[in-house]
Amino acid sequence: MAKQDYYELLGVSRDASDGEIKKAFRGLARELHPDVSEAPDAEARFRDVAEAYEVLSDEDRRARYDRFGHEGVAGQGFHTERFMDMGFLDDLLGSLFGGGFAGATGPEAGADAQTAIEIDLAEAATGAHIDLDLELVTTCEVCEGDGAAEGAEVRTCSECEGAGQVRQVVRSPLGQLVRTMPCRNCGGRGQIPDRPCPDCRGRGRRPQRRKLGVDIPAGIDDGQAVRLTGHGHAGELGAPAGDLYVRVHVRPDERFVRDGLDLVGHLDLRLSEAVLGTTRTVETLDGDEQVEIEAGLQPGSVLVLKGHGMPRLRGGSRGDLRLIANVQVPRALDADQRKLVEGFRDLEAERNYADPERSRGLRDRLRRAFG
Ligand SMILES: [Zn+2]
Ligand SMILES: [Zn+2]
C-alpha cells in the first residue's frame with residue numbers, strides 16, 4: 001500500500017507553520033495514543049502520524065520530503081535510531097502530554113502572577129518607580145522553603161530510597177518504555193521530614209502580602225505590561241518561581257492625547273492674538289514653553305513643539321507635541337467694541353482672506369476626519 005502523504009496525515013496544508021504542524025500532531029496524538037484510544041487501528045495510525053510529525057517538524061527533513069517525497073526521507077523516519085533514542089522519545093511524549101502523561105512531575109513550579117497599576121501621562125513620559133503591595137505565594141519563612149518543622153527529623157524517602165527519582169514503566173506504541181521521573185512522595189529531594197512545617201503544611205510556600213518595587217520604563221503606553229522575571233508566585237520546594245506581570249494603565253490627561261510618540265493638545269487663542277500675532281506660554285509635559293504666534297494664524301493650524309512628545313520605549317528620540325490652534329470669536333460685544341468691528345468690516349478687503357493654505361488645510365482636515 002502506498003504511503004500516505006505526511007501533510008494529509010496531519011491534516012495541514014503544505015505551507016503550514018511549525019506551530020500549526022505541532023498543534024495538529026498534538027491533537028491527533030491525544031486522540032490516537034493507544035493509552036487513550038479504543039479504536040483497533042489507533043496504534044498503527046499513531047505510528048503513522050508520529051512518523052509524519054518526526055519528518056515535518058525537522059526543517060531539513062521537511063525540505064527533503066517536499067522535494068523528493070517519501071524517498072527523500074526513507075530510513076530517517078519514525079523507526080530510525082534517532083527516534084528510538086529514549087531522550088528524544090521522552091521529549092516528544094513529554095511535549096505532547098505534559099506532566100499528566102506519566103504522572104509524577106516533581107515540585108510544582110510557581111505560577112505567573114498579575115497585577116495592575118495606574119500612572120499619569122507625565123509618569124509614563126519620564127518613567128516611574130512604583131511600590132506594589134500584593135498577595136503572592138512566597139517561600140515559607142518559617143522553614144525557609146524546605147517544608148520541615150523546626151527540629152524535625154529528616155528521613156530518607158521510602159518511595160525512591162533517597163534517589164529523588166523513580167522509574168516508571170509506560171506503555172507506548174513502541175512497547176514498554178522506562179521513564180525516570182521525579183519522586184512524587186518527596187518532591188524529588190530524596191528526603192522527607194518526619195514532621196512537616198506547620199506554617200506551610202510542608203509545601204515550603206504560602207500566600208503572603210509582599211511589598212515590591214517596580215520600575216516603569218519611560219515611554220510605556222496604556223495597556224502595556226512590565227514583566228518581572230522570577231517575581232511571581234514561588235515554586236514548591238525550591239522549584240522556580242513564576243513571573244510577575246504588571247499591567248500599566250495610563251490615566252487620561254486633561255491636556256494631551258497620545259498619538260504614537262506624539263502628544264496632541266489644543267491652544268485657545270483670542271481673535272486679537274491670532275490676528276495680530278503674539279508670544280504665548282504653553283504647558284508641556286516638561287514645563288512651560290514659549291511659542292510664537294504669527295500674525296494671521298488660522299484656526300486649526302498646528303503648532304509643533306519638537307521633542308516634547310513621548311520617549312521611545314527603548315530610549316532614543318522623543319515625539320513632538322502638536323497643538324491645534326483654536327481661535328475664539330469674541331461674543332457679547334459692547335457698543336464701543338461693536339463699533340470697532342464694524343469699522344473693520346467697512347475697511348476689510350479680499351486680500352485679508354485670500355489664503356490658499358487655509359482652504360487646503362480645511363480640505364485636508366475634512367479628508368482626515370471622514371476619509
Ligand atoms: Zn514552612
Ligand atoms: Zn522520594
Side-chain angles (χ1 to χ4, degrees), residues 30 33-36 84-115 131-172 174-214 227-246:
R30 279 230 163 82
H33 195 280
D35 281 359
V36 182
M84 292 299 284
D85 170 74
M86 284 305 176
F88 177 76
L89 195 58
D90 221 35
D91 280 356
L92 183 62
L93 293 176
S95 77
L96 277 175
F97 297 99
F101 174 59
T105 54
E108 196 188 337
D112 291 340
Q114 259 210 59
T115 189
D131 291 316
L132 303 172
D133 184 353
L134 69 171
E135 177 122 315
L136 281 176
V137 175
T138 51
T139 300
C140 174
E141 283 150 2
V142 177
C143 62
E144 291 175 337
D146 71 6
E150 213 188 324
E153 202 174 310
V154 177
R155 294 193 182 134
T156 300
C157 171
S158 56
E159 203 82 13
C160 63
E161 290 164 343
Q165 295 182 324
V166 287
R167 307 189 121 222
Q168 199 170 39
V169 178
V170 179
R171 219 185 109 215
S172 93
L174 301 174
Q176 291 199 332
L177 291 175
V178 179
R179 300 191 80 191
T180 306
M181 308 293 299
C183 172
R184 208 171 358 186
N185 191 41
C186 60
R189 289 173 307 153
Q191 297 182 320
I192 294 187
D194 60 352
R195 279 178 298 120
C197 167
D199 281 78
C200 63
R201 285 194 244 106
R203 297 181 68 98
R205 56 180 184 165
R206 58 191 179 138
Q208 282 178 92
R209 284 217 84 76
R210 262 194 74 191
K211 285 189 197 307
L212 189 67
V214 55
R227 184 170 82 173
L228 300 178
T229 308
H231 283 88
H233 298 300
E236 206 177 19
L237 302 169
D243 298 335
L244 173 62
Y245 290 85
V246 182

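When a ligand or atom number is given, it counts from 1 through the structure's own listing order. Since this is a predicted model, take the numbers as computed values, not measurements. The basis for the numbers below is simple: all heavy atoms, side chains too, and nothing from hydrogens, waters or symmetry mates. Starting from 1, each residue takes its place in the sequence as its number.
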Within-2.8 Å protein N/O/S contacts of the Zn ion (ligand 2):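 As for protein N, O or S atoms lying under 2.8 Å from the Zn ion (ligand 2), they are Cys157 SG, Cys160 SG, Cys183 SG, Cys186 SG.
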Taking 4.0 angstrom as the limit, do Asp133 and Arg209 come out as a salt bridge?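 A salt bridge is present here (some side-chain N lies under 4.0 Å from a carboxylate O).
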Scan residues 134-145 for pairs that pass side chain to side chain donor-acceptor pair (under 3.5 Å), counting only residues two or more places apart or in two chains.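 Output for this query lists Thr138-Gln208.
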Return yes when atom CZ of Arg201 has more than 12 non-hydrogen atoms of other residues, nucleotides or ligands closer than 6.0 Å, and no otherwise.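 No, not enclosed.
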Side-chain heavy atoms of Leu132 within contact of Leu244, under 4.5 Å: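 Yes, side chains in contact.
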CG-CD distance between Asp199 and Glu150, expressed to the nearest 0.5 angstrom: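 If we round to the nearest 0.5 Å, Asp199:CG and Glu150:CD are 10.5 Å apart.
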Kindly compute the distance separating SG (Cys186) from CD1 (Ile192), expressed to the nearest 0.5 Å.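 So the gap between those two atoms works out to 5.5 Å.
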Does Arg195 reach the main-chain N or O of Ala149 with its side chain, forming a donor-acceptor pair under 3.5 Å?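 A pair under 3.5 Å: no.
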Test your reading of the model: is there a side-chain donor-acceptor pair from Asp194 to the backbone of Glu153, 3.5 Å cut-off?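 A pair under 3.5 Å: yes.
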Residues forming a side-chain contact (heavy atoms from CB on, under 4.5 Å) with Pro193, sequence neighbours excluded: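 In terms of side-chain contact (heavy atoms from CB on, under 4.5 Å), with neighbours along the sequence ignored, Pro193 is linked to Ala148, Ala152, Arg189.
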What protein atoms of element N, O or S are positioned under 2.8 Å from the Zn ion (ligand 1)?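 You should have found Cys140 SG, Cys143 SG, Cys197 SG, Cys200 SG.
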